[in-house]
Amino acid sequence: MCFRNRPPPPDLSTSALRFGILGAARIAPTALITPAKTHPDVVVAAIACRGKGRGEAFAQKHNIPKTFTGPTAYQDLIADPDIDAIYIALPNGLHFEWAMRALQANKHVLVEKPMTNTAAEAQQLFALASKRGLVALEAIHCTFHPALHRAREIVDSGELGHVKSVAGTFTLPSLLSPFFFHSDDPRFRYDLGGGCMMDMGVYPLAALRFITASDTAPLAVTSATATGHALDATRVDRGMHATYTLPLPPTWNPEAATKADVTAEMTVDFATPGWGPFGLLPRSIKNEITVYLEGGEVFVYNFVSPGMFHYIKVRPKCGRTRYEQAYRFRNGWGKRSWDSYRYQLEAFVDKVRGHSPALWPEPVTVITQLKIIEDVYVKAGMPPRCASSYKARDA
Ligand SMILES: NC(=O)C1=CN([C@@H]2O[C@H](COP(=O)(O)OP(=O)(O)OC[C@H]3O[C@@H](n4cnc5c(N)ncnc54)[C@H](OP(=O)(O)O)[C@@H]3O)[C@@H](O)[C@H]2O)C=CC1
Ligand SMILES: O=C1OC[C@@H](O)[C@H](O)[C@H]1O
């Protein structure tokens with residue numbers, strides 16, 4: 001548990017950005033409702049939920065003034081002229097349709113990760129946003145946190161020389177898995193864009209691309225091994241291990257850029273089995289990135305939720321190991337109390353307001369990541385996630 005000073009609630013300006021949420025999702029309070037409480041320019045104004053009772057209870061619990069329920073709830077919320085931006089916290093396979101519908105209604109969109117099921121869909125979505133002058137952001141929150149920026153800075157500083165390889169792991173032990181997911185979770189449904197690579201996989205992939213400044217470069221997938229989920233073993237991955245070659249900018253590692261010897265590796269799992277006799281010994285949660293450089297290693301503990309707690313271990317081959325933490329940017333910007341979701345919201349609002357966010361992923365970053373995910377599935381012998389049947393009228 002983390003005890004940190006919370007700043008007092010800000011005065012809301014009357015012109016604050018008015019968010020509507022699609023889906024009374026578990027992640028909505030963490031990703032938007034709580035961060036919005038400390039953002040002076042954001043109001044969560046409406047929630048849309050298919051179930052009447054659930055929607056009303058959610059609205060009451062989170063003090064959301066307007067509730068849309070029933071089969072047309074999502075479309076009704078999107079059509080509300082009182083709403084400026086839509087937060088889409090639906091199963092992955094529905095992101096494209098509802099983000100497109102929201103953009104068509106001239107709303108900005110904050111879309112949960114992964115942005116869409118396919119790279120082509122993300123391309124279409126960004127094209128529409130750009131055509132209409134709207135903001136579209138994929139909510140890979142950890143890359144907005146100063147901790148990942150600091151790790152990138154250390155790697156980039158050259159103090160440990162050139163990058164040789166990078167590894168990211170985000171796994172949950174099988175013992176804890178049932179506390180996180182029900183058996184009917186959309187994460188296990190192929191038709192809803194499920195699979196561990198689509199879910200937990202987006203974090204190490206985005207983080208290792210970000211920390212090594214290869215976030216706009218196409219990674220070549222060199223191997224991928226999926227462990228099928230018991231509910232749909234040939235299409236839905238419970239776990240995924242993938243390796244890549246990483247085209248780092250030549251200024252970083254000229255030798256490697258020509259020999260393509262910078263490698264990346266990632267492992268994700270919804271439910272890593274135990275080990276030892278009969279697999280009875282439990283594993284722990286793993287949530288870490290390591291960059292191996294010529295002169296040592298940079299290790300980030302808890303790269304997924306660094307706002308809660310994290311550390312960056314810089315371990316030179318010669319010399320003393322040091323530990324760093326970064327809850328604010330080096331220039332002092334940010335707040336110790338902000339988590340990654342709060343930094344992400346700050347960036348979103350800055351973009352809508354025409355200011356320069358501390359980080360803004362270009363469409364190519366998001367589209368490339370989805371293409372890499374498609375390649376991973378193919379390499380692992382599983383079908384890439386299916387495209388939405390939704391046909392946008394204005395795309
Ligand atoms: N940024 C982050 O840290 C996290 C992001 N996520 C992402 O957020 C999204 C939602 O995840 P999570 O909060 O766990 O999801 P939940 O299962 O808690 O909620 C999903 C919502 O989707 C709606 N929904 C609409 N159609 C369906 C359907 N066919 N089956 C199931 N639900 C449906 C439901 O809304 P209704 O209320 O209308 O019934 C439900 O509330 C995912 O894309 C996931 O990847 C998830 C966890 C963490
Ligand atoms: O942070 C997370 O951890 C567990 C995942 O299933 C979830 O979707 C993800 O965003």
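Counting starts at 1 for both ligands and their atoms, following the listed order.
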Cation-pi geometry met for [X] and [Y] (6.0 Å, 45°):
X: Arg385; Y: Tyr377; answer: yes
X: Arg152; Y: Phe210; answer: yes
X: Arg238; Y: Phe270; answer: no
X: Lys313; Y: Phe299; answer: yes

Q) Does at least one non-hydrogen atom of Glu112 fall below 4.0 angstrom from an atom of ligand 2? A) no
Q) Do any heavy atoms of Phe181 fall under 4.0 Å from ligand 2? A) yes
Please could you name the atoms of ligand 1 that [X] approaches to less than 4.0 Å, counting only its heavy atoms?
X: Tyr74; result: 23 (C), 24 (N), 25 (C), 34 (C), 35 (O), 36 (P), 38 (O)
X: Tyr203; result: 1 (N), 2 (C), 3 (O), 4 (C)
X: Arg187; result: 14 (O), 46 (C), 47 (C)
X: Leu90; result: 9 (C), 10 (C), 22 (O), 23 (C), 42 (C), 43 (O)
X: Arg54; result: 36 (P), 37 (O), 39 (O)

Q. Are Tyr203 and His141 close enough that their ring centers fall under 6.0 Å?
A. yes
**Q.** Tyr301-His310 aromatic ring centre distance below 6.0 Å
**A.** no
Q) Tell me: protein heavy atom nearest atom 5 (C) of ligand 2, and distance? A) Asp199 OD2, 3.0 Å
(Q) Need the ligand 2 atom indices (1-based, order shown) with element for anything under 4.0 Å from a heavy-atom of Phe170. (A) 3 (O)
Q.
So if I count the atoms of ligand 2 from 1 in the order they appear, which ones are less than 4.0 Å from some heavy atom of Arg187?
A. 6 (O), 7 (C), 8 (O)
Does [X] reach ligand 1, in the sense of a heavy atom lying below 4.0 Å from it?
X: Tyr341; result: yes
X: Met198; result: no
X: His95; result: yes
X: Ala89; result: yes
X: Pro186; result: yes

Between [X] and [Y], does any side-chain donor sit less than 3.5 Å from a side-chain acceptor?
X: Gln344; Y: His145; answer: no
X: Tyr311; Y: Asn302; answer: no
X: Arg50; Y: Thr69; answer: no
X: Thr116; Y: Thr118; answer: no

Q: Answer with side chain, backbone, both or neither: which part of Leu94 has a heavy atom less than 4.0 angstrom from an atom of ligand 1?
A: side chain
Sequence neighbours excluded and cut-off under 3.5 Å, please list the side-chain donor-acceptor pairs for residues 51-68, or say none.
from  : atom 1 : to    : atom 2 : distance (Å)
Lys52 : NZ     : Glu56 : OE2    : 2.7
Lys66 : NZ     : Asp80 : OD2    : 2.7

Q) Is Lys113 in polar range of ligand 2, meaning some N or O pair under 3.5 Å apart? A) yes
Q: May I ask you to check whether Ile27 has an N/O atom sitting below 3.5 Å from an N/O atom of ligand 1?
A: yes
Q) Under 3.5 Å, N or O to N or O, is Ala24 touching ligand 1 that way? A) yes
(Q) Can you tell me which residue among Leu125, Leu22, Val111, Val109 is in a side-chain contact (heavy atoms from CB on, under 4.5 Å) with His95? (A) Val111
Q.
One residue to check: Tyr203. Relative to ligand 2, which of side chain, backbone, both or neither has a non-hydrogen atom less than 4.0 Å away?
A. side chain
